[in-house]
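Since we're looking at a predicted model, the values are computed, not measured.
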Amino acid sequence: MNEPQTERETIPVVEERATVRTRARITGTLRARTVTHEHEQAIDADLSVETLDVRRVPMDRFVDHPIPDRQEGDTTIISVIEEVAVLTVRLKLVEEVRITRHTSTRKATERVTLRRQDVIVERGDSPSDAEAS
């Protein structure tokens, strides 16, 4: 048999809504600082010292043409000439200037100051811990 059809209606009575909010709260503190440490350290190094020895060598002889500068080992030779009036003009080698290079090496120790930094991080109490004490 047919039952009479009833119309149903739903009426909301209570509705819950969730709201999310954020707020700032201090839970603790941090402090960071740097500390510099210094220490001296000896450094050994090889130092190269170069000296020049200049020697004049008298030659007093006649040459046919100018002599170009030359190198003999560590010695540079520079020829000095002059023109001399004779029945003919000839070149006379007056002297040679010889410059010799001497190199020596010596040990040297120098004290230098070296620095190094560390960071120290310290954690402080949270405000709620401080109030509890």
| Value rounded to 0.5 Å, distance of CG in Leu93 from CD1 in Ile67 |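 So the gap between those two atoms works out to 5.0 Å.
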
| How many angstroms lie between atom NZ of Lys92 and atom CZ of Arg90, to the nearest 0.5 angstrom? |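 Answer for the NZ-CZ pair, Lys92 versus Arg90, is 10.5 Å.
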
| If you measure from the Lys or Arg side-chain nitrogens to the Asp or Glu carboxylate oxygens, is any gap between Arg61 and Glu95 under 4.0 Å? |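 Salt bridge absent between Arg61 and Glu95.
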
Listed pairs under 3.5 Å, donor-acceptor, residues 73-85 side chains, sequence neighbours left out:
from: Thr75; atom 1: OG1; to: Thr100; atom 2: OG1; distance (Å): 3.0
from: Thr76; atom 1: OG1; to: Gln71; atom 2: OE1; distance (Å): 2.7
from: Thr76; atom 1: OG1; to: Gln71; atom 2: NE2; distance (Å): 3.4

| said: Are the side chains of Met59 and Val94 in contact, using a 4.5 Å heavy-atom criterion? | reply: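 Result no, sub-4.5 Å side-chain heavy-atom pair not found.
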
| query | Side-chain contact, heavy-atom cut-off 4.5 Å: Thr51 with Asp53? | reply |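 They are not in contact (no side-chain heavy atoms under 4.5 Å apart), so the answer is no.
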
| message | Would you say that more than 12 heavy atoms from the other residues, nucleotides or ligands in this model lie under 6.0 Å from the CG of Asp60, or not? | response |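 Atom CG in Asp60 is crowded, with more than 12 foreign heavy atoms closer than 6.0 Å.
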
| said: Quick check on Arg56: does its CZ atom have over 12 non-hydrogen neighbours (other residues, nucleotides or ligands) under 6.0 Å away? | reply: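 No, CZ of Arg56 has 12 or fewer neighbouring heavy atoms, counting only those of other groups under 6.0 Å.
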
| request: Indicate, with yes or no, if Val57 and Val54 share a hydrophobic cluster defined by side-chain heavy-atom contacts under 4.5 Å among Ile, Leu, Val, Met, Phe, Trp and Tyr. | output: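 No, it is not one cluster - the side chains of Val54 and Val57 are not joined through contacts under 4.5 Å.
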
| said: Suppose we screen for salt bridge (Lys or Arg N to Asp or Glu O under 4.0 Å). Which residues come up paired with Arg101, at least two apart in sequence or across chains? | reply: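 Partners of Arg101 under the salt bridge (Lys or Arg N to Asp or Glu O under 4.0 Å) test: Glu50.
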
Residues 107-122 side chain polar contacts: donor-acceptor under 3.5 Å, at least two apart:
from: Lys107; atom 1: NZ; to: Asp46; atom 2: OD1; distance (Å): 3.1
from: Thr109; atom 1: OG1; to: Asp44; atom 2: OD1; distance (Å): 2.8
from: Arg111; atom 1: NE; to: Glu40; atom 2: OE1; distance (Å): 3.1
from: Arg115; atom 1: NE; to: Glu38; atom 2: OE2; distance (Å): 3.3
from: Arg116; atom 1: NH1; to: Asp118; atom 2: OD1; distance (Å): 2.6
from: Arg116; atom 1: NH1; to: Asp118; atom 2: OD2; distance (Å): 3.0
from: Gln117; atom 1: NE2; to: Thr36; atom 2: OG1; distance (Å): 3.2
from: Asp118; atom 1: OD2; to: His37; atom 2: NE2; distance (Å): 3.0
from: Glu122; atom 1: OE1; to: Arg31; atom 2: NE; distance (Å): 3.1
from: Glu122; atom 1: OE1; to: Arg31; atom 2: NH2; distance (Å): 2.4
from: Glu122; atom 1: OE2; to: Arg33; atom 2: NH2; distance (Å): 3.4

